[in-house]
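One structure below.
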Amino acid sequence: EGNHFGEIRDANDCSTILSVPLAAPDSLVVKPIATTEPTCNAACNGKVVVAAQGGNGTYSYLWDDAIGAQRDQLCAGEYHLVASDEKGCMTETTIIMKEPKVLEIGLSSLQPPVCTGSCDGVIAVKATGGSGPIEYVWSTGMNTPLITDLCAGSYSLTVIDENHCTMQKTFVINNPPEPQLDLGGGITLCEGQTHILDPGNFWSSYSWKSNNGFSSEDQRITIATSGFYALEAVTMQGCIARDTFFLETSGDLLKANFLLASEALISDTIVAIDISWPLPESSIWRFPDEMDRLVDNGDVVYGMFDQAGHY
C-alpha cells in the first residue's frame, strides 16, 4: 500500500519518472450480528449469525463441524470459526454460547398436621436458577412458594421461568403418630367391688360415657356398674384419642383354686398356678416351711423341696 515510483527510458536515453499509487483492502474481520443463547440449562436451541467485513469480495465460513454464516440448535459451549475471502485471506474468532443456571427447587420448611386427620400442614419452598421471574404451580391450584392448610398426602410443584423452562418436585406430608390411650380392655368384679380408671394427667380434657347412663368429665373415675365405658380424651395440642373398657360383675362366690402336680421328686421345680374365678384383685399364697420359693409372679409360683414328705 502507498505510492510506488518507476523510471521509464527510451532508445535515445530520454527518461521520465512515473508515480503509481497502490491501495490495500480493509482488514478482514468476522463478528456475530445476531445471537440467541440457549433458553434453558442443558437445552440446545441457541442460534448465531456471523458476517465478515473487509478483505476481498466473497466470504466463506468454516466451523469445526459445519459451514455457513448461520448456526442453529447450539448448546452452551465454545464454537471456533475461520472466515476467508475470495483471495484466501483468513481471520478467525471463537463464539461463546452461555446457558442459564439449573432451575432448582429447595425445601425451606415442611410441617405435618398437628393431629392425625387434621389439615393444618405447611410446605415452604424456594426456587433458584433459570431466567427472570419464577412462577409456582402446585397440584392444589395454589401459586405461591408457601402453601398452608394441608392434609396428609402428596403435593406436586412445577416451577416455570420466563423462558418457560420447568422443574417438578413432589413433597409428601405424613400424619403424625396418633396419641395412645389404653384403659386396659376390661375386667370382671364381684358385686359390690369397685374399679378405678385413670388415663393420666397429660390430657387437656376428658369425656366419659357408658351404655348404663354413666357420664363424667373427671380424669379419674370409680366404677362398679357393669357396662361399656368409653373415654374421649383431648391432648394439649387438641388431638383426640378414644378407648373403651368393659366392666362385668358376677354374683358367683369367689372360689380359690390352683393347679399343682400331685407328686414330684426332691429338687424338682414345681409350679403352682392360680386359677381362681372370678379373677381376684389380690391373692396370698401359704406354702410349707420346707419349700424353697424360687420365683413368685403372683398368679404363678415356682418352688422346690429338698426333703421327701406329704405337704
Would you list the pairs meeting ring pair (Phe, Tyr, Trp, His ring centres under 6.0 Å) in which at least one residue belongs to [range], sequence neighbours left out?
{"range": "residues 37-72", "result": "none"}
{"range": "residues 284-308", "result": "F258-W285, W285-F287, F305-Y311"}
{"range": "residues 219-246", "result": "H195-F245, F214-Y229, F228-F246"}

Could you tell me whether [X] atom [atom1] has more than 12 heavy atoms of other residues or ligands within 6.0 Å of it?
{"X": "E290", "atom1": "CD", "value": "yes"}
{"X": "I17", "atom1": "CD1", "value": "yes"}
{"X": "H80", "atom1": "NE2", "value": "yes"}

Partner residues of [X] under the salt bridge (charged side-chain N to carboxylate O under 4.0 Å, His left out) criterion, sequence neighbours left out:
{"X": "D13", "result": "R9"}
{"X": "D198", "result": "R220"}
{"X": "D296", "result": "R293"}
{"X": "D65", "result": "R71"}

Any chain of hydrophobic side-chain contacts (each under 4.5 Å) joining [X] to [Y]?
{"X": "L107", "Y": "M142", "result": "yes"}
{"X": "V295", "Y": "V300", "result": "yes"}
{"X": "I173", "Y": "I105", "result": "yes"}
{"X": "F202", "Y": "L181", "result": "yes"}

Do [X] and [Y] get their side chains close enough for a donor-acceptor pair, meaning under 3.5 Å?
{"X": "T188", "Y": "S250", "value": "no"}
{"X": "T94", "Y": "E78", "value": "no"}
{"X": "N212", "Y": "T225", "value": "no"}
{"X": "T194", "Y": "T222", "value": "no"}

Mind jotting down which residue pairs meet the salt bridge (Lys or Arg N to Asp or Glu O under 4.0 Å) criterion with at least one end in [range]? Sequence neighbours excluded, please.
{"range": "residues 146-166", "value": "none"}
{"range": "residues 180-194", "value": "none"}
{"range": "residues 119-138", "value": "none"}
{"range": "residues 237-251", "value": "E232-R242"}

With ILVMFWY side chains joined below 4.5 Å, transitively, what does I33's cluster contain besides itself?
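Members other than I33 - counting any ILVMFWY side chain reachable under 4.5 Å - are V49.
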
Could you pull out the closest heavy-atom pair between [X] and [Y], with the gap in Å?
{"X": "L146", "Y": "A124", "answer": "CD1-CB, 3.8 Å"}
{"X": "C165", "Y": "T39", "answer": "SG-O, 3.2 Å"}
{"X": "N45", "Y": "P38", "answer": "OD1-CA, 3.2 Å"}
{"X": "A308", "Y": "I266", "answer": "N-CD1, 3.6 Å"}

Going by heavy atoms in the side chains, are [X] and [Y] under 4.5 Å from each other?
{"X": "L294", "Y": "M304", "answer": "yes"}
{"X": "P199", "Y": "L231", "answer": "yes"}
{"X": "T235", "Y": "W203", "answer": "yes"}

To the nearest 0.5 Å, how far apart are NZ in K31 and CG in L81?
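One gets 14.0 Å once the value is rounded to the nearest 0.5 Å.
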
Kindly compute the distance separating CD1 (I240) from OG (S204), expressed to the nearest 0.5 Å.
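Output value for this atom pair is 9.5 Å.
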
